Amino acid sequence: MSSEVAADPGLVAGLRQRHLTMLAMGGVIGSGLFVGSGAGIKLAGPGIVLSFLLAGTLAMLVMRMMAEMAAAIPTSGSFSVHAGRAFGPWAGFTIGWLYWATLVVVLAVESTAAAIIVNGWLPDIPRWLLVFAFMAVFTVVNLAAVSSFGEFEFWFALLKVAAIVIFLALGVLAFFGLLPGTRFVGTANLLGDGGFLPNGWQGVVSGLLAVVFTFGGLEVVTIAAAESDNPAYAVGRAVRAAVLRISVFYIGSMLVVVTLLPWTSVQIGQSPFAAVLTHIGIPAAGQIMNVIVLLALLSALNTNMYGAARMMYSLAQRGQAPRALTTVDRRGVPYPAVAASVVFGFVAVVLNVLWPDTIFQYMLDAVGSVLLLVWIIVACAQLRLRRELERTAPESLTVRMWGFPYLTWAALIAMVAIMVLMVADQSARSQLASSGILVVVVLAVSLWWRRSRAAGASTETLRP
């Protein structure tokens with residue numbers, strides 16, 4: 001393990017290049033792909049391939065912006081620090097706390113979803129006890145030295161990646177009729193049942209709204225870069241590798257699904273991956289997918305717990321969270337920040353007992369659109385910081401946004417358009433409203449925090 005000090009004082013540079021790449025993939029490949037993609041297919045039909053292509057392109061542009069800023073200014077606060085530098089402390093406070101709130105809610109949801117799967121196999125074990133067990137295990141993992149955490153997540157995420165690669169390989173073989181009991185499929189499913197765009201471009205847009213959030217989690221690689229040996233070099237390579245691989249996995253998987261199955265047969269809430277495996281004659285396909293989804297959930301749980309802890313640590317370092325959360329142990333682990341970030345996951349144990357069927361939908365609605373807001377702030381911050389860095393430290397721009405400023409503006413306009421479409425979409429409007437309430441609350445807390453600190457500083461100055 002390297003003994004170099006990371007970009008944030010107190011943290012240790014223990015993550016390698018391969019760790020960063022797998023952290024990004026571990027955070028983003030989850031149940032949204034394996035199960036949630038069914039809703040997108042219902043909306044867009046085979047056109048879901050275009051929906052994922054558009055969403056993947058947008059994610060790739062945003063991640064390139066993040067990589068540019070993270071390489072120039074490596075920090076565990078990543079885009080929160082960059083937003084603060086671009087627009088002032090209020091922006092860093094707001095986006096940092098919103099992102100942290102999103103991650104801790106996701107922790108609770110992922111641990112609960114994993115518990116539901118295991119509870120199906122072991123019905124005698126209460127669901128709340130399984131949630132507690134998952135949260136406890138991954139808290140211990142996150143309290144280990146960052147190099148140990150990185151190695152654990154590397155192999156964990158690799159299992160998930162291997163599952164997708166095997167699925168793609170089986171899909172290609174089935175397409176050409178090379179598996180027992182299969183025959184050449186051709187384009188019957190891809191172009192039948194209403195054609196490639198059965199619901200027109202409106203369906204593609206609706207599918208985009210349904211799947212764009214499945215790319216959330218890529219941001220963690222820019223947070224983790226601060227704990228790598230060479231942040232400026234590592235973040236560029238990790239983002240490039242992760243985005244390209246994830247795009248291939250997502251788009252390739254959807255192409256396999258809509259080519260091998262009639263899109264009308266896909267059921268919302270059921271895994272289209274399991275439906276494909278059953279269709280091509282893989283025994284116990286449903287249970288195989290349950291295992292894969294469980295691995296995906298636990299890997300994302302592990303990665304998001306890491307991201308939440310580092311964001312909290314960065315907020316505390318900047319005086320935007322309690323100062324005690326800046327403490328690190330001798331291995332460079334910010335254990336108070338880890339503890340603060342997992343508290344809500346353990347609260348979820350109680351919530352599972354009290355409101356097992358309703359509480360998480362409310363929480364998911366509250367954080368559902370925050371990712372898009374984070375991406376919009378990233379684009380705005382990159383537009384401003386790029387100009388500043390070109391004037392003051394051009395040598396720090398070792399990773400550059402493609403086609404600047406045109407592609408940045410294009411991505412920003414696209415994200416604002418998605419927000420507008422969500423306002424017009426009745427099913428998405430309530431989610432946007434809940435997220436808006438959360439944003440207002442965080443902004444109000446930000447104002448109160450800054451005023452209270454300013455008042456405290458004034459009192460210290462006047463004291464004899």
Side-chain angles (χ1 to χ4, degrees), residues 28-53 55-56 113-114 116-121 159-199 203-204 206-211 213-214 246-297 300:
V28 71
I29 300 176
S31 59
L33 172 64
F34 291 119
V35 180
S37 55
I41 294 173
K42 274 295 187 185
L43 292 167
I48 193 65
V49 175
L50 297 180
S51 300
F52 269 104
L53 181 62
I116 291 171
I117 292 175
V118 175
N119 187 241
W121 298 330
L159 292 173
K160 183 164 54 177
V161 170
I164 297 180
V165 171
I166 292 170
F167 175 81
L168 292 175
L170 289 173
V172 171
L173 291 174
F175 174 80
F176 288 106
L178 299 178
L179 291 179
T182 63
R183 56 183 177 81
F184 178 67
V185 177
T187 59
N189 294 322
L190 199 62
L191 303 179
D193 291 316
F196 185 69
L197 299 178
N199 297 321
V204 174
S206 298
L208 172 64
L209 294 180
V211 305
F213 300 107
T214 64
I246 289 169
S247 297
V248 169
F249 290 158
Y250 273 52
I251 297 167
S253 296
M254 288 303 101
L255 195 55
V256 165
V257 170
V258 296
T259 300
L260 295 183
L261 293 177
W263 70 271
T264 52
S265 69
V266 175
Q267 300 298 315
I268 296 177
Q270 297 179 9
S271 172
F273 288 71
V276 167
L277 294 178
T278 300
H279 178 72
I280 63 178
I282 302 298
Q287 289 305 322
I288 290 172
M289 278 312 304
N290 277 337
V291 172
I292 293 171
V293 171
L294 178 63
L295 290 174
L297 286 167

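None of the values given here were measured: they were computed from a predicted structure.
- With rounding to the nearest 0.5 Å, the separation of CD1 in Ile48 from CD1 in Ile251 is 11.0 Å.
- A side chain to side chain contact (heavy atoms under 4.5 Å, CB included) with Val49 is found for one member of Val204, Val257, Val258 and no other, namely Val258.
- Legend: residues meeting side chain to side chain contact (heavy atoms under 4.5 Å, CB included) with Ala113, ordered by chain and number and at least two apart, are Leu297.
- Among residues two or more places apart in sequence or in another chain, the side-chain hydrogen bond (donor to acceptor under 3.5 Å, both in side chains) test is passed with Ser206 by Gln202.
- Take Ile166 and apply the side chain to side chain contact (heavy atoms under 4.5 Å, CB included) test, not counting sequence neighbours, and it matches Leu170.
- Here the closest heavy-atom approach between residue Phe175 and residue Gly186 is recorded as CE1-O, 3.3 Å.
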Which pairs would a plain distance check flag for residues 283-293, meaning a side-chain donor or acceptor within less than 3.5 Å of a matching protein atom at least two apart in sequence or in another chain?
| residue | atom | partner | partner atom | Å |
| --- | --- | --- | --- | --- |
| Gln287 | OE1 | Trp121 | NE1 | 2.5 |

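- Partners of Phe249 according to the ring-ring contact (aromatic ring centres under 6.0 Å, His included) rule, which considers only residues two or more places apart in sequence or in another chain, do not exist here.
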Next item on the list: Apply side-chain contact (heavy atoms from CB on, under 4.5 Å) to the pair Leu197 and Leu50, showing each step before the final yes or no.
Entry: CA-CA 10 Å; Leu197 299 178; Leu50 297 180; 4.1 Å; yes
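- When all heavy atoms are compared, the tightest approach of Tyr250 to Thr214 is OH-O, 3.1 Å.
- Note on residues 272-283: no pairs pass side-chain hydrogen bond (donor to acceptor under 3.5 Å, both in side chains), not counting sequence neighbours.
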List the atom pairs, donor and acceptor, that lie under 3.5 Å between side-chain atoms in residues 33-46 and the rest of the protein, sequence neighbours left out.
| residue | atom | partner | partner atom | Å |
| --- | --- | --- | --- | --- |
| Ser37 | OG | Leu33 | O | 2.5 |
| Lys42 | NZ | Thr264 | O | 3.1 |
| Lys42 | NZ | Val266 | O | 3.1 |

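- Partners of Ala174 under the side chain to side chain contact (heavy atoms under 4.5 Å, CB included) rule, at least two apart in sequence or in another chain, are Leu179, Thr182, Leu260, Ile280.
- Remark: Phe167 pairs with Phe273 by the ring-ring contact (aromatic ring centres under 6.0 Å, His included) rule, at least two apart or across chains.
- With sequence neighbours excluded, the residues forming a side chain to side chain contact (heavy atoms under 4.5 Å, CB included) with Asn189 are Val185, Pro262, listed by chain and number.
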